[in-house]
Amino acid sequence: MQSDWNALQVFLAIERGKTARDAASRLKCSHSTVLRRLDAFEKRIGARLFDRTPDGFLLTDAGARIVGRAQQVEAEVLELERLVDGHDVRLKGPIRLTVPPPLAQFLILPMLVKFREMYPLIEIELVTT
């Protein structure tokens, strides 16, 4: 069975929302796009995943067999996104800290060395009052 992440997203959105319109809202696309993608997915895998009823979409036996695995794939994809999210972002720019002298000397200054190593593009202005 050949599959892709977009098809699984459509499958899960329909399973959760029970209607093409709700799935479309979740996926930020049109309900006709959802129906077209579901139809293509069902044809590709050679199985009907939902029964279309007046009350909405209900999982077929085939759909029920894959829903757990689709949720696992979703969790893995989301975890991958969390692992790389923001790693290409370089923080930069000025920061002004205004603190009393004892706090600056005993708390802030020791931390600034490590902070400066981690974020070399951030310019720190320390004002003690």
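Both backbone and side-chain heavy atoms feed into the values below; hydrogens, waters and symmetry mates do not. Along the sequence shown, residues are numbered consecutively beginning with 1. Quick caveat, the model's predicted, so the values are computed rather than measured.
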Asker: Please report the interatomic distance CG(Leu8) to CZ(Arg37), rounded to the nearest 0.5 Å.
Answerer: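 Reported to 0.5 Å precision, the distance equals 12.5 Å.
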Asker: Are Leu38 and Leu58 linked, directly or through other ILVMFWY residues, by side chains that come within less than 4.5 angstrom of each other?
Answerer: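 Result: no, two separate clusters.
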Asker: Quick one: do Glu76 and Arg69 make a salt bridge, cutoff under 4.0 Å?
Answerer: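 Arg69 and Glu76: not salt-bridged.
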Asker: Is any NZ, NE, NH1 or NH2 atom of the basic residue among Asp61 and Arg65 found under 4.0 Å from an Asp or Glu carboxylate oxygen of the other?
Answerer: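 Salt bridge: no.
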Asker: Please verify the inter-ring angle class for Phe57 with Phe50; under 30° counts as parallel, over 60° as perpendicular, anything in between as tilted.
Answerer: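 If you compare the ring of Phe57 with that of Phe50, the planes turn out perpendicular.
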Asker: Looking at CG of Leu59 and CZ of Arg48, how far apart are the two atoms once the value is rounded to the nearest 0.5 Å?
Answerer: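 Leu59 CG to Arg48 CZ: 11.5 Å, rounded to 0.5 Å.
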Asker: With a 4.5 Å cut-off on side-chain heavy-atom distances among I, L, V, M, F, W and Y, is there a chain of contacts connecting Ile95 to Leu103?
Answerer: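 Linked within one cluster.
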Asker: Taking side chain as C-beta onward, heavy atoms only, is Leu109 less than 4.5 Å from Val113?
Answerer: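 The answer is no, as the side chains (C-beta and beyond) never meet within the 4.5 Å cut-off.
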Asker: If you define the side chain from C-beta out and look only at heavy atoms, does anything of Val10 sit under 4.5 Å from Ile14?
Answerer: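 In short, these two side chains touch, coming nearer than 4.5 Å.
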Asker: Begin from the C-alpha positions of Leu12 and Gln9 and carry the test side-chain contact (heavy atoms from CB on, under 4.5 Å) through to its verdict.
Answerer: CA-CA 5 Å; Leu12 289 172; Gln9 284 180 300; 6.0 Å; no
Asker: Verify the cluster assignment for Leu107 and Phe115: are they in a single hydrophobic cluster under the rule of side-chain heavy atoms below 4.5 Å apart?
Answerer: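 The answer is yes; both residues are in one hydrophobic cluster.
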Asker: Please tell me whether Tyr119 and Met111 are part of a single hydrophobic cluster in this structure, the criterion being side-chain heavy atoms less than 4.5 Å apart.
Answerer: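 Yes; tracing contacts between hydrophobic side chains, which count when under 4.5 Å, links both residues.
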Asker: Could Arg16 and Glu74 be called an ion pair, given the rule that one side-chain N must be under 4.0 Å from one carboxylate O?
Answerer: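 Salt bridge flag = yes for Glu74 with Arg16.
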Asker: Quick one: pull up CG in Leu35 and CZ in Arg21 and give me the separation to the nearest 0.5 Å.
Answerer: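 Here the rounded value is 9.0 Å.
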Asker: Any link between Ile122 and Leu97 through a network of hydrophobic side chains (Ile, Leu, Val, Met, Phe, Trp, Tyr) touching at under 4.5 Å?
Answerer: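 Cluster IDs for Ile122 and Leu97 match.
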Asker: Salt bridge (charged side-chain N to carboxylate O under 4.0 Å, His left out): which pairs involve residues 102-127, sequence neighbours left out?
Answerer: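 For residues 102-127, and leaving out neighbouring residues, the salt bridge (charged side-chain N to carboxylate O under 4.0 Å, His left out) pairs sorted by first residue read Arg96-Glu125.
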Asker: Roughly how far, to the nearest 0.5 Å, is OG1 of Thr128 from CG of Leu126?
Answerer: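 It comes to 6.5 Å.
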Asker: Could you tell me whether Lys18 and Asp55 make a salt bridge, using a distance below 4.0 angstrom between a side-chain N and a carboxylate O?
Answerer: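 No salt bridge links Lys18 with Asp55.
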